[in-house]
Amino acid sequence: MHRINNKYRDIGCGEIDVTYAGKEVTMSGWVFRSRDHGGLIFCDLRDRTGVAQLVFSHGDTGKVSELPVPSFFVAQHKLKAEYVITIKGDVRIRPEGTENPDIATGGVEVYVKELKILSESDALPFQLDEHIEISEANRLKYRYLDLRRPEMLKNMVTRHKTCKAVRDYLDDMDFLEIETPVLTKSTPEGARDYLVPSRMAPGCFYALPQSPQLFKQLLMVGGMERYYQIVRCFRDEDLRADRQPEFTQIDMEMSYAGVDDVIILVEGLIKNIFKYIKGEELPTPIERLPYDEAMERFGNDKPDMRFGLELKDMADLASLSSFKVFLDALSSGGRVKGLLGKNMAGLSRREIDLLTADAQALGAKGLAWIKVKDTFESPILKFFPEDVVRQMADRLDAAPGDMMLFVADKEHVVNDVLSRMRLDIAKKQNIIPSNDKFVWITDFPLFEWNEEDARFQAIHHPFTSPTDEDIAHIMGGSNIDLSKLKSKAYDLVLNGSEIGGGSIRIHNSELQKQVLKLIGMAEAEAEERFGFLLEALKYGAPPHGGLAIGLDRLVMLMTGAQSIRDVIAFPKTQKAACPLSGAPSHVDKKQLRELYIRLNVPDEKPAD
RNA sequence: GGGGUGGUAGUUCAGCUGGUUAGAACGCCGGCCUGUCACGCCGGAGGUCGCGGGUUCGAGCCCCGUCCACCCCGCCA
């Protein structure tokens, strides 16, 4: 740690080693653990840099009671866990045989000559002991204590270093860090907005940004050319282990760029981060997988590429069978795909029933299976000629001891079910290696059909540029199949998690209007929601595109944390509450009055 | 909104088929200890069994409701 030599310290606890032997040092920190032997006391002193062993001793021989008692020695008997103290003492090499190889400073110890207690501590609500797991509710309530744990410190350091690597790299690439408003207007992403009432404009609300999407495009129109921001985003949706109501994005946008430019830029960024954090040389270019191929081979658009078990089309072989479920699915335009159940031939009937129930919970009508042993075993074997079963096994790479799984249904059901089962099987069979595997998913469809609203909607967002061919189609105006249009959107996937996504944007106001029309947005609505962008596009907007990376998720994956909460200093619970501060909370009636707000909460106590 | 798991000492947990005084470890408090490092030894305190209701002679345990935390689906790039 950078030296700020003062009365508190001239060195960090974790920084002393044999080269300091004989030197006098001043250190400050928390009392971690003490081992009181009566006349000899060891005390582990902890600060951000690490832990050092302090020794309080009268001398090498003699009884305590017979020796003059220095005042500090009285004080040190009172030292309890998490007291904050400053000590002055001499660094000495530890007596032979008492070195501790488990800690960085284990070769030395500090003989204390002066002790000052800066701050006492009550007994903690939980122990800061890596051997005891504490409930998350408790950890979050006393997050400032939880943060003292080395594990949390490590996560915060990794997060910081990631941000630093981002800033260093993007600065080198001539990107400008520019802030965008937090009090803003609802952006047209799909999620629910967090709203902030306006006092100045009664009845009106700001929205907290779901992302700075529109503003970063305006920065391009504004000639900033290359923008980035490590920015907080807000989405009022239900939470998960990898989702928080407020989360951080590494947001980027650049002018005069195409898909390749953004991808190469981001690969350089990721490379830089991994080198800085993990010392790993990430191989580039990162593999690119068109969306259609990802769906075909893995059943989803964020495949975990660290292992095989790819989905295989079985339509040709299924049609050679007399199995009605397969034949019906095919004749009604559906799909039959297979998945390898590695090492699952030994599953009991009951376990297979559970597996089937899982598949049904995911929307499948059922799950067909064939065990591969010395022979094939399955209740549906009678519908298949033996050579067909053999070919299915070949296609799935099934060896004796494996099981083949099949789902026949509408395409999205087949993919949905099998892609999840693929992950479940890989986890259960423990075949996922621990390396990091990135992949780009490219050539996304522009639109997808929304069953609920019975209309097409933008997959990415409505400012995503179609491919050049499809721009011609759209501007040509003839009747076009919206489901076939492709976009210049791309996602970055790491180990099966989507960690970033972006696109080349539409920079032509006519095209933009046309695209909005295709998804059924009335001109008036478009005008009301983001007319300012449409207008900006009229005044010479350069071609531009960008990408945003989920910082929390990226850091979570790099640290191996089990939850996004472990890489956020003060995260919220699954109910979006903060156990530490008590947010959200009721507010004064006066505050509400000033905002022209009257509550209408059923069965709820009125505000304090 | 739906499904699942959990809630017992400060903490992490055990608590059998419903049975008398609810346990352990760590922590905490007091004492002892000169080479420990998750120190050790002796002694002690500490409980609204999440909350509310019900069944029962009797409930930590069974039933209903509710709250909280976590995981998942829906939702969300």
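Source: prediction; values computed, not measured. Naming convention: chains lettered A, B, ... in sequence-line order (proteins, then strands); numbering from 1 in each chain.
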Student: Taking B/C28 as the reference, what is the distance to B/G47 when you measure between their C1' atoms (whole Å, please)?
Tutor: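 Comparing C1' positions in B/G47 and B/C28 gives a spacing of 15 Å.
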Student: Can you check the A/Phe32 CZ to B/G27 C1' distance for me, whole Å?
Tutor: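 For the pair A/Phe32 CZ and B/G27 C1', the rounded distance is 14 Å.
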Student: Tell me which of A/Ile134 and A/Gln53 sits closer to the 5' end of RNA chain B, going by the nucleotide each one is nearest to.
Tutor: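 Nearer the 5' end of the strand: A/Ile134.
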Student: How is A/Arg553 classified with respect to the nucleic acid when contacts are heavy atoms under 4.0 Å: base, sugar-phosphate, or nothing?
Tutor: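 The answer is nothing, as A/Arg553 stays clear of every strand by at least 4.0 Å.
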Student: Tell whether A/Gln127 reaches the base of B/U12 with its side chain through a donor-acceptor pair below 3.5 angstrom.
Tutor: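 No pair found.
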Student: Which is true for A/Ser135 with a 4.0 Å heavy-atom rule: it touches a base, it touches only sugar-phosphate, or it touches nothing?
Tutor: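 A/Ser135: backbone/sugar contact only, no base atoms under 4.0 Å.
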Student: Identify which one of A/Gln249, A/Gln244, A/Arg159 satisfies the side-chain hydrogen bond (donor to acceptor under 3.5 Å, both in side chains) criterion when paired with A/Asp552.
Tutor: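 Running side-chain hydrogen bond (donor to acceptor under 3.5 Å, both in side chains) over A/Gln249, A/Gln244, A/Arg159 with A/Asp552 returns exactly one hit, A/Arg159.
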Student: Contact class for A/Pro125 (heavy atom, under 4.0 Å): base, sugar-phosphate, or nothing?
Tutor: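 Touches sugar-phosphate only.
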Student: For the base of B/C26, is there a side-chain donor-acceptor partner from A/Asp129 under 3.5 Å away?
Tutor: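 Check fails, no donor-acceptor contact within cut-off.
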Student: Would you call A/Glu498-A/Arg553 a salt bridge at under 4.0 Å N-O?
Tutor: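 So A/Glu498 does not pair with A/Arg553 through a salt bridge.
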Student: Of the candidate nucleotides B/C37, B/A77, B/C71, which contains the atom at the shortest distance from the side chain of A/Asn100?
Tutor: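 Nearest to the side-chain atoms of A/Asn100, counting from C-beta on, is B/C37.
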Student: Given the structure, check if the side chain of A/Arg420 and the base of B/C73 hold any donor-acceptor pair shorter than 3.5 Å.
Tutor: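 Donor-acceptor pair under 3.5 Å: no.
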Student: I'd like the P distance from B/A69 over to B/C29, given in whole Å.
Tutor: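 Taking atom P in both B/C29 and B/A69, they lie 32 Å apart.
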Student: Can you tell me, in whole Å, how much space there is between the P of B/C13 and that of B/U21?
Tutor: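 The answer is 28 Å between these two P atoms.
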Student: Mind checking if A/Ile459 touches a base, just sugar-phosphate, or nothing, with heavy atoms under 4.0 Å?
Tutor: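 Base, at least one base heavy atom under 4.0 Å.
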Student: Within the 4.0 Å heavy-atom criterion, would you say A/Asn138 contacts the bases, only the backbone, or no part of the nucleic acid?
Tutor: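 Sugar-phosphate contact only.
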Student: Can you check the distance between B/G60 and B/G18, where both ends of the measurement are the P atom (answer in whole Å)?
Tutor: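 Roughly 13 Å separates the two P atoms.
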Student: Given the C1' atoms of B/C62 and B/A9, what is the spacing between them in whole Å?
Tutor: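 Pairwise C1' distance, B/C62 against B/A9, rounds to 25 Å.
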Student: If I take atom OH from residue A/Tyr83 and atom CD from residue A/Glu120, how far apart are they, to the nearest 0.5 angstrom?
Tutor: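 Taking OH in A/Tyr83 and CD in A/Glu120, the distance rounds to 4.0 Å.
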Student: Side chain of A/Lys80 only, heavy atoms from C-beta on: which candidate in B/C29, B/G35, B/A77 is closest?
Tutor: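 Given the options B/C29, B/G35, B/A77, the side chain of A/Lys80 is closest to B/C29.
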Student: Name the nucleic acid region contacted by A/Asp301, choosing base, sugar-phosphate or nothing; use a 4.0 angstrom heavy-atom cut-off, strictly under.
Tutor: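 Contact class for A/Asp301: base.
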Student: Find which nucleotide of RNA chain B each of A/Glu237 and A/Ala577 is nearest to by heavy atoms, and output the residue with the more 5' nucleotide.
Tutor: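 Taking each residue's closest nucleotide, the earlier one in sequence belongs to A/Ala577.
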Student: Could you tell me if the ring centre of A/Phe530 sits under 6.0 Å from that of A/Phe463?
Tutor: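 Yes, close enough.
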Student: So, A/His37 and B/C39: ring centres less than 5.5 Å apart, planes less than 30° off, yes or no?
Tutor: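 Stack criterion met.
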Student: Per the atom types in the model, does the base of B/C76 pair as donor or acceptor with the side chain of A/Arg235 at under 3.5 Å?
Tutor: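 It does not, because no donor-acceptor pair links the side chain of A/Arg235 to the base of B/C76 below 3.5 Å.
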Student: Using only modelled atom types and a 3.5 angstrom limit, is any donor from either the side chain of A/Arg33 or the base of B/G27 paired with an acceptor on the other?
Tutor: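 Side chain to base: no pair below 3.5 Å.
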Student: Ignoring hydrogens and angles, answer whether the base of B/G6 and the side-chain atoms of A/Glu136 contain a donor-acceptor pair closer than 3.5 Å.
Tutor: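 Check fails, no donor-acceptor contact within cut-off.
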Student: Check every atom of B/G35, B/C28, B/U34 against the side chain of A/Ala123 and return the nucleotide holding the closest atom.
Tutor: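 Comparing B/G35, B/C28, B/U34 against the side chain of A/Ala123, the answer is B/C28.
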Student: Please give the distance between the P atoms of B/G54 and B/G40 as a whole number of Å.
Tutor: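 Comparing P positions in B/G54 and B/G40 gives a spacing of 49 Å.
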Student: With the side chain of A/Ala191 defined as its heavy atoms from C-beta on, choose the nearest nucleotide among B/A77, B/G74, B/U36.
Tutor: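 Within the option list, the nearest is B/A77.
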Student: If you draw a 6.0 Å radius around OH in A/Tyr206, do more than 12 non-hydrogen atoms from other residues or ligands fall strictly inside?
Tutor: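 Atom OH in A/Tyr206 is not packed in, count stays at 12 or less.
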Student: What is the distance, to the nearest angstrom, from the CG atom on A/Leu239 to the C1' atom on B/A69?
Tutor: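 Distance check: A/Leu239 CG to B/A69 C1' gives 13 Å.
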Student: May I ask you to say what A/Glu109 touches in the nucleic acid, namely base, sugar-phosphate or nothing, with a heavy-atom cut-off under 4.0 Å?
Tutor: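 Since a base atom lies under 4.0 Å of A/Glu109, the category is base.
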Student: Check every strand shown and say whether A/Glu99 touches a base, only sugar-phosphate, or nothing at a heavy-atom separation below 4.0 Å.
Tutor: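 Touches a base.
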Student: Nearest 0.5 Å, what's the CZ-CG distance between A/Arg192 and A/Leu195?
Tutor: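 CG of A/Leu195 is found 10.5 Å from CZ of A/Arg192.
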Student: Can you tell me how far C1' in B/C61 sits from the matching atom in B/G19, rounded to whole Å?
Tutor: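 Taking atom C1' in both B/C61 and B/G19, they lie 11 Å apart.
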Student: Of the options B/A77, B/C37, B/G1, whose atoms approach the side-chain atoms of A/His460 most closely?
Tutor: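 Within the option list, the nearest is B/A77.
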Student: Report the distance from atom CD of A/Gln53 to atom CZ of A/Arg35, rounding to the nearest 0.5 Å.
Tutor: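 So the CD of A/Gln53 and the CZ of A/Arg35 are separated by 5.0 Å.
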Student: For the P atoms, the ones on B/G50 and on B/C16, what distance do you get once it is rounded to whole angstrom?
Tutor: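 Result for the P pair: 14 Å, nearest Å.
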Student: Applying a 3.5 Å limit to both distances, which nucleotide forms a Watson-Crick or G-U wobble pair with B/C70?
Tutor: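 The base-pairing partner of B/C70, which may sit in any strand shown, is B/G4.
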Student: Considering every strand shown, what is the Watson-Crick or G-U wobble mate of B/G40 when both distances are under 3.5 Å?
Tutor: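 Its partner is B/C32.
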Student: Inspect the surroundings of CD in A/Glu133 and state if more than 12 heavy atoms from other residues, nucleotides or ligands are less than 6.0 Å away.
Tutor: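 No.
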